[in-house]
Amino acid sequence: MENGGQIKAWGAHGGGGQSVKFTHDGRLVSAGRDRVVKAWDQNGAQQRAFEALPDVAVRAAFAHDGARVVAGDWTGTVRVWQTADGKTVGPLAANPLGVAERLDAAVKEVATLEAALAQAQATAKASDAAVQSATAGLAAAQKAVADGAATAKAAQDTAAKAKATADAANAALPAAQNAATAKDVLAKAFGEASTKVKVAADAAKGNAALAEVSTRAKALADAATAELTAAQKALADATTATKTAADALAKAQAQVTAVTQTTAQAPKTVEAATAALKNAQAKAATDKASADAAAAALNEAKARVARLKAAGAVAQAPAK
């Protein structure tokens, strides 16, 4: 500054530099025709190169505390970056609207954001309901697994009892068949004997001994016939019991098969219900985050409206 002597020089930008500014701690920020803004230390070591601007970078400067860099290009684009990590803070309007226009736009934005928040909250509520429904579905599927095991055991027990009954009926049937056959033979024999005795008694009219034998023979024949009738009924009952037991066994086995199939499907249902619940929970979390973001955006817009109203009030206040 005193004698104009050069202390340092370095090539900062291809095509030439457009602007260079110091900050209070001695660092420099420069802008050039290569569209890039860069930060340097006093020895010319580059500390950071920020995202390129759309056109020639014409001016750059540090904020008052050196924590941010503000730069503009030939097209009027103005951007702000964090000095520490180079992340973009956001753009600035080079020719902003007046307070009244910005306030009107902010009020309209609040209305839009209120509608968006209402929609986001409705979606989040529906997602919560879906989670509850999926939770109930999983509980029902898990209960079906437990109930299926009990039902399968009961069906198997019923089938075992039906098989025992069918086995007993099948075992008893041959005896009933043999008894009916024996009674049939006996009844025929007694019947034939009774007939022969009666013929003999008729031939020897007045023979009391033959008449008595004939009476006894008929009684024996009648008794044999009655036993045959009872044996035939017992056979019919045994046959019916065998068919009934076979039908019951078939029904019980069909029930076991159906229950087994249902029980085998139950774990897959639980797996599907678990996946549905996870999906519903993930969507609910996403929708809640969206609703929270919408609420935050609305609050920010309302705060902006309040600031613009305050700025307008200050601008309209009479000078003292």
Side-chain angles (χ1 to χ4, degrees), residues 51 82 84-91 103-166 244-309:
E51 181 185 2
Q82 296 280 5
D85 56 15
K87 291 183 178 180
T88 302
V89 177
L103 176 58
D104 181 63
V107 170
K108 292 178 180 178
E109 183 183 13
V110 166
T112 299
L113 292 175
E114 285 176 340
L117 176 59
Q119 179 61 41
Q121 288 175 333
T123 301
K125 184 177 180 181
S127 295
D128 288 339
V131 168
Q132 293 177 358
S133 177
T135 300
L138 176 58
Q142 290 171 333
K143 184 176 183 299
V145 170
D147 292 347
T151 302
K153 186 178 184 308
Q156 289 168 349
D157 291 344
T158 300
K161 291 178 181 179
K163 185 177 184 307
T165 301
T244 301
D247 292 344
L249 177 58
K251 182 177 180 181
Q253 289 174 334
Q255 179 66 20
V256 169
T257 300
V259 170
T260 300
Q261 291 175 347
T262 302
T263 303
Q265 184 63 30
K268 296 180 181 179
T269 303
V270 171
E271 182 179 351
T274 300
L277 177 58
K278 288 182 179 179
N279 291 337
Q281 289 173 331
K283 186 176 185 303
T286 300
D287 291 342
K288 183 180 184 303
S290 298
D292 292 342
L298 177 59
N299 290 335
E300 183 180 348
K302 288 181 177 179
R304 188 160 52 251
V305 168
R307 290 196 300 270
L308 289 170
K309 286 182 178 180

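No experiment lies behind these values; they were computed from the predicted model shown.
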Handout entry: Ala130: side chain to side chain contact (heavy atoms under 4.5 Å, CB included) partners, not counting sequence neighbours
Key = none
Problem - side-chain hydrogen bond (donor to acceptor under 3.5 Å, both in side chains) pairs, two or more places apart, involving residues 106-117 - result: Asp104-Lys108, Glu109-Arg304
Practice task
Would you please name every residue forming a side chain to side chain contact (heavy atoms under 4.5 Å, CB included) with Ala159, sequence neighbours left out?
Solution key: Ala252, Val256
Problem - Qualifying salt bridge (Lys or Arg N to Asp or Glu O under 4.0 Å) pairs, either residue in residues 135-150, two or more places apart - result: Lys143-Asp147
Completion exercise
Residues passing the salt bridge (charged side-chain N to carboxylate O under 4.0 Å, His left out) test with Lys309, sequence neighbours excluded, are none
May I have the list of side-chain donor-acceptor pairs in residues 286-295 shorter than 3.5 Å, sequence neighbours left out?
residue	atom	partner	partner atom	Å
Thr286	OG1	Ala282	O	3.1
Asp287	OD2	Ser127	OG	2.3
Asp287	OD2	Lys283	NZ	2.7
Lys288	NZ	Asp292	OD2	3.0
Ser290	OG	Thr286	O	3.0

Fill in the blank from the handout: Minimal heavy-atom distance between Ala280 and Val131, with the atoms involved, is O-CG2, 3.4 Å
Practice task
Give the C-alpha distance, both sets of side-chain angles, the deciding distance and a yes or no for side chain to side chain contact (heavy atoms under 4.5 Å, CB included) between Thr158 and Gln255.
Solution key: CA-CA 9 Å; Thr158 300; Gln255 179 66 20; over 6 Å; no
Problem - Glu51 versus Thr88, closest heavy-atom pair with distance - result: OE1-OG1, 3.4 Å
Would you be so kind as to tabulate the donor-acceptor pairs closer than 3.5 Å made by side chains of residues 266-279, with sequence neighbours excluded?
residue	atom	partner	partner atom	Å
Thr269	OG1	Gln265	O	3.2
Thr274	OG1	Val270	O	2.8
Asn279	ND2	Ala275	O	3.3

Handout entry: Expected output: side-chain Thr123 to main-chain Gln119 donor-acceptor under 3.5 Å
Key = yes
Exercise for the section: Can you sort out the partners of Lys161 under salt bridge (charged side-chain N to carboxylate O under 4.0 Å, His left out), two or more places apart, ordered by chain and number? Expected result: none
Completion exercise
With sequence neighbours left out, the residues meeting side chain to side chain contact (heavy atoms under 4.5 Å, CB included) with Thr244 are Thr240
Practice task
Scan for salt bridge (Lys or Arg N to Asp or Glu O under 4.0 Å) pairs involving residues 247-263, sequence neighbours excluded, and state none if there are none.
Solution key: Lys243-Asp247
